[in-house]
Amino acid sequence: MAHPKSDFLQILTERGFIHQTSDLDAIDQLAAKGEIIAYVGYDCTAPSLHVGSLISIMMLHWLQQTGNKPITLMGGGTTRVGDPSGRDETRRILTLEKIEEHKTGIGKVFDRFLSFGDGKDDALMVDNADWLAPLNYIDFLRDVGKNFSVNRMLSMDSAKMRLDREQELSFIEFNYMLLQAYDYVELARRLGCNLQMGGSDQWGNIVTGMDLGRRMGTHQLHALTCPLLTTASGAKMGKTASGAVWLNEDQLSAYDYWQYWRNTEDADVGRFLKLFTTLPMDEIARLEKLEGADVNDAKKVLATEATALLHGRGKAEAAAETARKTFEQGAVGDDLPVVEVAAAELGAGISVILAFVTAGLVASNSEARRQIKGGGLKVNDKPVSDDKLKLDSSNLSDENVIKLSMGKKKHVLLRPV
RNA sequence: GGAGGAGUGCCCGAGUGGCUAAAGGGGACGGGCUGUAAACCCGUUGACUUCGGUCUACGUUGGUUCGAAUCCAACCUCCUCCA
């Protein structure tokens, strides 16, 4: 469909959110009337979501902005089983306590993107443990299981991949798609849900749910998936030096989050501006035209806008300012991570090696020595050449800190207390 | 239950008695080039170190040997085939 009528599909299409849909015309008609009730499921496998999930959160955001109702489904029940999709090994089975903990962590992030409440277009958050946990095995087999063909299940990518590679697919995992399909039916019945969205790896699970809905007599259900993002050079999105790009601030600071977006590859800037900011399309078009070193301006806009969505405008601008000072002036930015040391210890002099280990910039004394040999460590922007160097109060800057750097991008301030 | 096969560093994977902290590749980190990009080039990639070395490591536990990732035994885990 070249020109969707609904604002929702209009936006998703022009911003590059759509990978695959079941019946685009039908979804368009519902969206135009503000009658979409859509959900995305999030399993509680980690204490926070990461940028990989952001694209689906943005879809929910636009859905609500265009007058439809979003539902976030917490997989409190399905996480107990574990989704085999796209995995070549069985997930470790998490304890119920962990799952609860993760659920709380993950839930926090949605307030930034959605407005929750009881009104018609307000977002809802539900937990599939509410209906999955009390299920009775025999009843479930009779009511739901009879609608599934093992032949077909075996042919689905999530199962096929394991079978083809002769890797274990345990029975518990094999059941995951039944539960996710059943979720869709349950949400359709309880809340009138009529659309499930997710990453393209979820397509199989989603259409299985649609199919189950038809067999179990719900209204017509729909599917819409977004592309799984990789960077232009093919890497999976969401990894940095220090691990995943978490959305919760206690897992990844606003400054580091800003830096993540700032370091976007040139070829990705336009695509990411469309997906991860709410800037108007004509503004994005302008930024996309920038070339050469000017692309950096677009990356800064991307970083600030994306960070503002998640952490608020104030923190985004503070991060931008710190980055400006740190990288463009070589000065000391306020937002850099600070590590405190006892003033007395510093007065007595501490070895550079210990200082860098304490700051967490290197993992061990040996690594510190190696990095010094390789010229990777700096104190107050001056390379360290001697691993026996001692730091003391004479190294303190006017701001009463010592700036430790590893490479060009990682900096920590050492402050005496 | 029977018969085979496999378990090596972050990952993949070579190595079948000393020259092995363990080839090669990937990833990661650092340096160079640049624009805090990509690509490319170089270096590093167990810990501790007074830089002489020391210690810990090839599924687990024992054994043989001057010496074991390599040989032997038992155990654990996984895979394949048979019942």
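Keep in mind that what you see is a predicted model, and the values were worked out from it rather than measured. Numbered from 1 within each chain, the chains take letters A, B, ... in sequence-line order.
The pair A/Arg415-A/Glu399 does not count as a salt bridge, with every side-chain nitrogen at least 4.0 angstrom from each carboxylate oxygen.
Looking at A/Lys408, its side chain comes within 3.5 Å of the base of B/U34 through a donor and an acceptor atom. Between the side chain of A/Asp294 and the base of B/G35, no donor-acceptor pair under 3.5 Å is found. Judged by atom type and distance alone, A/Glu328 does not reach the base of B/U36 through any side-chain donor-acceptor pair under 3.5 Å.
At least one side-chain heavy atom of A/Lys108 sits less than 4.5 Å from a side-chain heavy atom of A/Asn248.
For A/Lys299, counting side-chain heavy atoms from C-beta on, the closest listed nucleotide (B/U36, B/A37, B/C51) is B/A37. Checking B/C48, B/U45, B/G35 against the side-chain heavy atoms of A/Arg370 singles out B/U45 as nearest.
Here, B/U70 and B/C19 have their P atoms 14 Å apart, quoted to the whole Å. Taking atom P in both B/A23 and B/C58, the straight-line distance is 16 Å, to the nearest Å. Straight-line distance between the C1' atoms of B/C10 and B/U16: roughly 26 Å, to the nearest whole Å.
Base orientation of B/G52: syn, the glycosidic angle falling within 90° of 0.
With 3.5 Å as the limit, one finds a donor-acceptor pair spanning the side chains of A/Lys409 and A/Asn263.
The one candidate from A/Asp43, A/Leu96, A/Asn128 that meets the side-chain contact (heavy atoms from CB on, under 4.5 Å) condition with A/Thr79 is A/Asp43.
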